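These figures come from a predicted structure and were not determined experimentally. Just follow the structure's listing: the first ligand is 1, and inside any ligand the first atom is 1. Residues take their numbers from the sequence shown, with the count starting at 1.
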Amino acid sequence: SVKTDGKGSFRFFQARFFEAIRTRLETELELRSALDLQQFVVHYQPRVDLAAGTASSMEALVRWDRPGKGLVGPDSFIALAEETGLIVQLGEQVVDSVCRQLAHWARDGAVLVPVSVNISPRQFSQCDVPALFRSASLRHGIDPSLLEIEVTESSMMQEGIGESDVFRQLRGLGIKLCIDDFGTGYSSLSQLQKLRFDVLKIDRAFVLRIEHPDGDTLIASMIAMAHALGMRVVAEGVESIRQMQLLKTLGCDEGQGYYFSRPVAPGERQPVAAHAFP
Ligand code: C2E
Ligand code: MG
Ligand code: MG
Ligand code: MG
């Protein structure tokens, strides 16, 4: 009968619900121990100057080297790290790792380019981000102006981070600010003008549609707006030579994506291949 079915599906739902909670608790415990055991590693992906054909900076992207599971990407643990507050510790490890790596490259005599670090809204509300960047750069003896911060357009607008003194303090350290995943949030022109980001990263979704009707018009108008506000423009998710050429024609300053390089471990750091610019 209908009644029995109802109970059955309730029990089924209940079982699934407890199962989901257990998995979550287990992952939370594993995240905690991963932090203690320093199982997080940072990979680097170059951002390429489209006119010069050289890497102008790199983005730091965290991965979890999870025993028995290989490298796990941030999309499967950042949200939980944020909900549990573990993002604060994770962020400390990422910033420390980036500064240590920059110091290492400097000792090796490498040409240093700035590294951008993704910071989520919870990190701004739960920790002193300027103090974190200041202390890590001091500890490793690197110039804080080698660091940049990426904040997604959507998180920016929700939390009103830009309203606080934090951005001013970061600028005081010489740290540049990038607005990430642009075009997926709902920022207004007045907010953009007020917040004065240095770099605008056009979301991958727009690059994917660049060859569709009007796809280029949309990108062209984002570039015009960003340039009018004094920002450099980076296109994310560039995967083909065609996309790269179109972006260059539209006046986009930089590109980032698998076409140039995947994110790689610091040891594997490759110069951008010459074939990328025929
Ligand atoms: P994001 O900051 O927008 O980073 C770009 C993402 O696009 C990265 O995914 C990168 O590997 C991927 N990507 C780069 N080029 C291409 C391409 O040509 N095609 C495609 N399909 N994808 C490309 P990833 O590494 O999985 O990171 C996902 C998100 O996790 C990042 O998005 C960022 O929001 C967040 N994240 C990464 N590292 C950190 C971190 O240390 N702290 C925080 N709070 N968030 C982080
Ligand atoms: Mg980013
Ligand atoms: Mg992005
Ligand atoms: Mg993203």
Side-chain angles (χ1 to χ4, degrees), residues 31 34-35 38-48 55 57-66 70-99 101 114-127 129 132-133 136 147-156 159 161 176-185 197-210 222 233-244 247 254-266 268 272 276:
L31 261 186
L35 285 165
Q38 312 228 326
Q39 288 172 348
F40 293 98
V41 292
V42 179
H43 282 194
Y44 296 85
Q45 186 181 36
R47 229 166 73 189
V48 178
S57 71
M58 285 183 293
E59 179 171 13
L61 295 158
V62 72
R63 274 97 183 85
W64 178 4
D65 193 356
R66 197 172 180 182
L71 283 186
V72 178
D75 285 336
S76 48
F77 59 84
I78 291 287
L80 185 60
E82 288 192 345
E83 288 163 32
T84 53
L86 293 171
I87 192 72
V88 174
Q89 238 181 300
L90 179 60
E92 285 168 4
Q93 292 193 7
V94 168
V95 175
D96 184 75
S97 173
V98 166
C99 292
Q101 190 57 53
V115 174
S116 63
V117 180
N118 294 283
I119 298 292
S120 51
R122 290 286 167 98
Q123 290 174 273
F124 283 104
S125 54
Q126 296 178 14
C127 92
V129 177
L132 170 65
F133 278 70
L147 301 167
E148 300 185 352
I149 287 181
E150 298 193 9
V151 195
T152 63
E153 184 192 21
S154 46
S155 68
M156 211 42 250
E159 314 269 326
I161 297 151
K176 288 207 174 98
L177 300 164
C178 317
I179 185 159
D180 203 354
D181 300 353
F182 186 78
T184 61
F197 285 92
D198 302 281
V199 177
L200 180 145
K201 297 183 94 172
I202 298 177
D203 192 76
R204 188 165 68 87
F206 297 94
V207 176
L208 264 177
R209 292 194 295 263
I210 196 171
M222 289 195 256
V233 186
V234 183
E236 296 190 291
V238 182
E239 293 186 358
S240 72
I241 186 168
R242 185 82 190 111
Q243 291 170 343
M244 188 275 282
L247 287 160
E254 298 174 26
Q256 182 178 345
Y258 298 165
Y259 175 66
F260 302 107
S261 169
R262 288 187 174 256
V264 290
E268 306 170 47
V272 172

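Shown in contact with E239 at under 4.0 Å from a heavy atom are these atoms of ligand 1, numbered in order with element: 17 (C), 18 (O), 19 (N), 20 (C), 21 (N). The atoms of ligand 1 that sit less than 4.0 Å from any heavy atom of E236 are 3 (O). Close contacts between ligand 1 and Q123 involve ligand atoms 44 (N) [criterion: under 4.0 Å to a heavy atom]. Taking every non-hydrogen atom of V94 and a distance limit under 4.0 Å, the qualifying atoms of ligand 1 come out as 41 (O). Here is the list of ligand 1 atoms found below 4.0 Å of a heavy atom in V62: 38 (N), 39 (C), 40 (C), 41 (O). Remark: ligand 1 atoms within the under-4.0 Å shell around heavy atoms of P263 are 11 (O).
The minimum distance between the Mg ion (ligand 3) and any N, O or S atom of D181 involves atom OD1.
Ligand 1 has no atom lying under 4.0 Å from any heavy atom of H43. Heavy atoms of R63 come nearer than 4.0 angstrom to ligand 1 in at least one pair. The shell of residues lying under 4.0 angstrom from ligand 1, judged by heavy atoms, includes S120.
In summary, of the residues considered (E59, R204, R47), a side-chain hydrogen bond (donor to acceptor under 3.5 Å, both in side chains) with Q256 occurs for E59 alone. Paired with W64 under the rule side-chain contact (heavy atoms from CB on, under 4.5 Å), one option of L71, L35, V72 passes, and it is V72.
Considering both main-chain and side-chain atoms, R204 comes within under 3.5 Å of ligand 1 through a nitrogen or oxygen pair. Polar contact with ligand 1: present for Y258 (N/O pair, distance under 3.5 Å).
Applying the salt bridge (Lys or Arg N to Asp or Glu O under 4.0 Å) test to residues at least two apart or on different chains, the pairs with a partner in residues 81-98 are R24-E83, D96-R100, D96-R139.
Proximity of V42 to ligand 1, defined as any heavy-atom pair under 4.0 Å, is not found for any part of the residue. If you look at T152 next to ligand 1, there are no close heavy atoms at all, none under 4.0 Å. At a 4.0 Å heavy-atom cut-off, ligand 1 touches Q45 through the side chain alone. For E59, every heavy-atom contact with ligand 1 shorter than 4.0 Å involves the side chain, none the backbone.
Counting heavy atoms from C-beta on, the side chains of L90 and L31 never come closer than 4.5 Å.
In this structure, E148 and F133 approach most closely via the heavy-atom pair O-CE2, 4.5 Å.
Residue contacts to the Mg ion (ligand 3): D180 brings an N, O or S atom closer than 2.8 Å. At a cut-off of 2.8 Å, E236 coordinates the Mg ion (ligand 3) through an N, O or S atom.
Of the options D75, D180, V151, D203, the smallest heavy-atom separation from atom 1 (P) of ligand 1 is shown by D180.
Residues forming a side chain to side chain contact (heavy atoms under 4.5 Å, CB included) with R242 (at least two apart in sequence, or on another chain): E211, S240, Q245, L246.
For E59 atom OE2 and N118 atom OD1, the angle they make at the Mg ion (ligand 2) is roughly 90°, to 10 degrees.
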